[in-house]
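Just so you know, these numbers come straight off a predicted model, no measurement behind them. A, B, ... follow the sequence lines: proteins, then strands. Residue 1 opens every chain. The figures here come from the full heavy-atom set of this structure, side chains too, leaving out hydrogens, waters and symmetry mates.
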Number of protein chains: 2
Amino acid sequence: MKKIAALLLIMLSLSIQAQNNFQEDSLALRKIYDLALLQGQSYAWLDHLSNKIGGRLSGSVSAQQAVDYTKAELEALGLDRVWLQPVMVPKWTRGNAEYAYVQTQGGPTNTVNILALGGSVATPETGLRANVIEVQGIEDIARYGKEQIQGKIVFFNRPMPADLIHTFSAYGACVDQRYSGAAEAAKFGASGVIVRSLSHKIDEHPHTGSMSYGDLPNEKRIPAAAISTKDAEYLSSMLKLNKDLDFYFKTSSRNYEDVESYNVIGEIKGSERPDEYIVVGGHLDSWDVGDGAHDDGAGVVQSMEVLRLMKEAGIKPKRTLRVVLFMNEENGLRGGNKYAEEAKKNNESHIFALESDAGGFTPRGFSIDARQSQFEKIQSWEPLFKPYLIHYFEKGGSGADISPLKNGDIVLAGLRPDSQRYFDYHHAATDTFEAVNKRELELGAATMASLIYLVDKYGFDNIQTEEPTLSN
Amino acid sequence: MKKIAALLLIMLSLSIQAQNNFQEDSLALRKIYDLALLQGQSYAWLDHLSNKIGGRLSGSVSAQQAVDYTKAELEALGLDRVWLQPVMVPKWTRGNAEYAYVQTQGGPTNTVNILALGGSVATPETGLRANVIEVQGIEDIARYGKEQIQGKIVFFNRPMPADLIHTFSAYGACVDQRYSGAAEAAKFGASGVIVRSLSHKIDEHPHTGSMSYGDLPNEKRIPAAAISTKDAEYLSSMLKLNKDLDFYFKTSSRNYEDVESYNVIGEIKGSERPDEYIVVGGHLDSWDVGDGAHDDGAGVVQSMEVLRLMKEAGIKPKRTLRVVLFMNEENGLRGGNKYAEEAKKNNESHIFALESDAGGFTPRGFSIDARQSQFEKIQSWEPLFKPYLIHYFEKGGSGADISPLKNGDIVLAGLRPDSQRYFDYHHAATDTFEAVNKRELELGAATMASLIYLVDKYGFDNIQTEEPTLSN
């Protein structure tokens with residue numbers, strides 16, 4: 001009987017502890033959301049990044065301005081340490097505005113909107129004109145074979161499937177055309193490549209993005225550009241009328257030697273476990289068109305805001321909390337690789353990393369890359385997030401920049417905002433400050449800070465720290 | 001033993017039935033979403049309503065055009081019956097564009113953007129100029145009393161609280177200033193009323209909306225207008241410098257006798273229970289500024305799409321399914337009242353009504369006004385909606401137009417889209433087609449159709465129809 005009584009007492013005390021934790025955490029989250037919504041800083045930072053600096057392609061002057069600006073802003077927050085981590089990055093420039101047209105048979109030329117793909121070689125100075133052939137994907141290239149591809153401009157026109165609810169899945173179903181289309185087409189003697197923009201929206205704005213020639217030797221590389229969805233539809237409809245159609249385009253992009261750039265890092269030293277690291281970040285570089293407001297200005301300012309919110313809320317993290325603004329996610333991932341490399345070299349034990357790189361839209365939750373027990377621990381916090389309409393806690397990928405940290409032990413997570421409009425703006429001239437809603441951006445920052453707060457408080461090592469048992 | 005075996009057999013057969021239902025329903029929902037996203041009609045309808053017709057204030061020519069257009073489109077769907085239900089509606093016109101300025105002390109005048117509130121009387125033809133006093137809400141009026149209010153223009157400036165996650169709650173916390181501010185201020189001798197626009201966004205666009213003078217006699221009625229949030233901030237900051245400031249505004253709005261208009265109704269006759277009615281709807285009227293794209297063009301075209309999707313998916317409803325496009329939600333609710341009145345008169349048994357009137361944004365779920373058992377039945381369908389990221393099933397209000405149907409028995413529900421951006425556009429010139437995203441609109445329509453499908457299949461009378469026991 002005594003044993004049973006003792007057991008009951010322990011159970012009771014654990015249950016009271018869990019209740020207390022839930023209340024304390026509820027109040028902490030409310031404070032975080034209040035600070036983000038009532039006195040948030042992220043929107044003003046994004047205004048500066050978008051409107052005062054603009055597109056921040058790796059190796060550009062504006063990328064360096066973004067490094068300087070965010071470093072100064074992090075320093076103004078009074079963090080324990082702010083520094084730059086040097087990293088060599090690729091440098092590619094677009095050159096003059098692109099020009100392209102469709103030559104209708106015996107009729108007039110119709111100009112269309114294109115953007116050279118990042119990393120693409122230029123067309124000859126007088127441009128490239130050739131017969132165009134439409135394909136629905138890379139697999140079509142081999143099917144058509146050399147006799148139909150040789151000398152032609154290959155037009156990749158498989159649209160993003162509209163029936164997938166997650167737009168990132170629809171993107172994933174088509175991005176190979178942009179990334180590897182030129183390399184594949186070149187193997188069969190194509191003279192150039194035009195890729196339908198990766199967007200659900202039918203409009204006049206082309207969407208650029210990275211591409212790779214793989215191991216193709218320099219002299220075999222062919223120019224590649226994205227065409228707006230509206231013009232892709234137009235070109236396709238013209239080809240239905242007459243297969244013997246010429247396409248002309250002129251680009252003047254150029255690849256340079258690598259140049260030095262930086263990851264920007266800020267840190268709050270942990271009060272109890274300073275040797276355990278938690279990272280929150282986004283990427284500072286963007287494409288050169290538009291202002292990179294959603295991709296990934298939003299992630300940058302939200303990550304900065306996480307540390308500011310912790311300080312403002314008077315939360316002293318047990319573990320060392322770092323904001324990392326990664327350089328060169330778009331065309332190289334050099335910043336992400338460099339950070340992971342240095343962390344390993346310095347034997348830094350990273351327990352958690354969170355990336356925001358899916359736009360500054362209303363947050364829905366998190367995609368989590370973790371072991372089952374770690375995943376369930378995060379899932380158990382869901383009731384705390386319910387008042388903020390955060391409901392999505394699913395296993396899945398995290399973010400490109402933090403993925404090199406993966407080691408089987410660290411928990412990786414990605415903020416998952418509503419994704420329906422993301423690809424309307426992604427890598428296009430329309431990715432501007434105006435496309436970001438202040439409240440949506442701020443809710444994302446508060447949601448990230450809340451998860452960071454919980455991870456820091458409870459960790460993932462079930463033995464050493466207390467588990468919150470949440471119920472509501 | 002035989003009894004136990006028989007019981008187990010029954011339980012097994014019920015469980016198999018539930019499994020079968022879940023599979024069948026999953027496939028039905030997938031079909032509905034596919035049809036909405038791949039061959040949706042709602043976006044094209046909204047384009048016409050917004051860009052070919054525009055703002056559709058009750059009693060206006062464009063409201064009548066919207067009646068004619070939607071009736072013709074419903075007829076083209078091949079419904080069993082389409083008709084107009086006459087209803088008398090108020091007629092109010094804005095007249096000439098408003099004009100307003102702040103007279104700084106000994107300095108220049110600064111024009112500000114205002115919109116007369118719907119139902120407001122006009123200023124004198126030469127406008128109204130008076131000393132302005134800022135208040136933070138209706139309760140301030142009595143506090144200041146006649147000596148401080150008399151003859152003045154009262155400036156209601158309580159902003160929508162930013163810390164509330166549901167923006168409709170923030171709206172609810174301030175809308176009394178717009179609706180009753182003039183009536184209250186007039187009682188204390190105010191000469192006019194200016195109300196801060198009900199929007200979180202700080203911009204130059206004023207947001208109109210309905211107001212009422214209550215039982216105030218005609219000669220005591222004073223003009224009322226909304227001022228843009230940006231100008232409200234400006235005016236407030238000027239008042240902080242100098243309390244003795246004049247405000248001038250000129251409006252030429254006018255109230256007319258009621259005129260005849262219509263609810264537009266389309267119907268698919270039920271195959272098994274034709275005398276049980278299910279309603280889905282939105283309101284056809286809108287304010288006169290902007291195009292009423294989110295409010296409530298979106299709800300109109302989504303409701304029409306629900307019936308189209310049912311037909312396209314080959315779903316023959318057991319119960320009679322009606323789309324009702326209500327007239328005059330914005331300034332009278334006459335259409336909603338008329339529909340309920342006629343339903344009662346004709347002894348029509350309505351079991352369910354669903355309204356979409358919260359914008360064409362990404363759907364999150366439903367707010368449900370029902371008895372506990374009915375609510376739990378709807379909640380039990382949540383697993384079917386999970387693939388579509390629909391997670392919000394909460395008790396709460398439904399929609400203004402369907403609320404007159406409430407009788408303690410009918411289940412009422414409102415579609416709940418993401419609400420963060422809704423009040424950026426609500427009742428303002430910015431509520432245009434461009435503000436609506438095609439996929440978000442279509443996801444809303446599919447989500448509504450899915451709920452209608454389930455309600456029609458299972459009903460709420462637990463005895464007569466089978467209950468789906470859902471698990472995944």
message: If you count heavy-atom pairs within less than 4.5 Å of chain A, which of B:Leu38, B:Asp34, B:Leu443 leads?
response: B:Leu38
At a heavy-atom distance under 4.5 Å, which candidate from [options] has the highest pair count against chain B?
options                                : result
A:Lys201, A:His391, A:Arg30            : A:His391
A:His166, A:Glu442, A:Arg364, A:Glu440 : A:Arg364
A:Ala36, A:Pro161, A:Ala162            : A:Ala162
A:Lys438, A:Arg421, A:Gln420           : A:Arg421

- prompt: What class does the angle between the rings of B:Phe366 and B:Phe393 fall in, given that below 30° is parallel, 30 to 60° is tilted and above 60° is perpendicular?
  reply: tilted
- prompt: Side chains of B:His427 and B:Asp295: is there a donor and an acceptor less than 3.5 Å apart?
  reply: yes
query: Do A:Ser398 and A:Glu355 have side-chain N/O donor and acceptor atoms under 3.5 Å apart?
result: no
Residues which pass side-chain contact (heavy atoms from CB on, under 4.5 Å) with A:Ser356, listed by chain and number, not counting sequence neighbours: A:Gln302, A:Leu415, A:Met448
Using non-hydrogen atoms and a 4.5 Å limit, figure out which bit of [X] sits close to chain B: side chain, backbone, both or neither.
X        : answer
A:Tyr392 : side chain
A:Leu164 : backbone
A:Gln39  : neither

Side-chain touch B:Asp424/B:Thr430, heavy atoms, less than 4.5 angstrom: no
field: Given B:Asn51, B:Asp291, B:Val301, the one that forms side chain to side chain contact (heavy atoms under 4.5 Å, CB included) with B:Leu46
entry: B:Val301
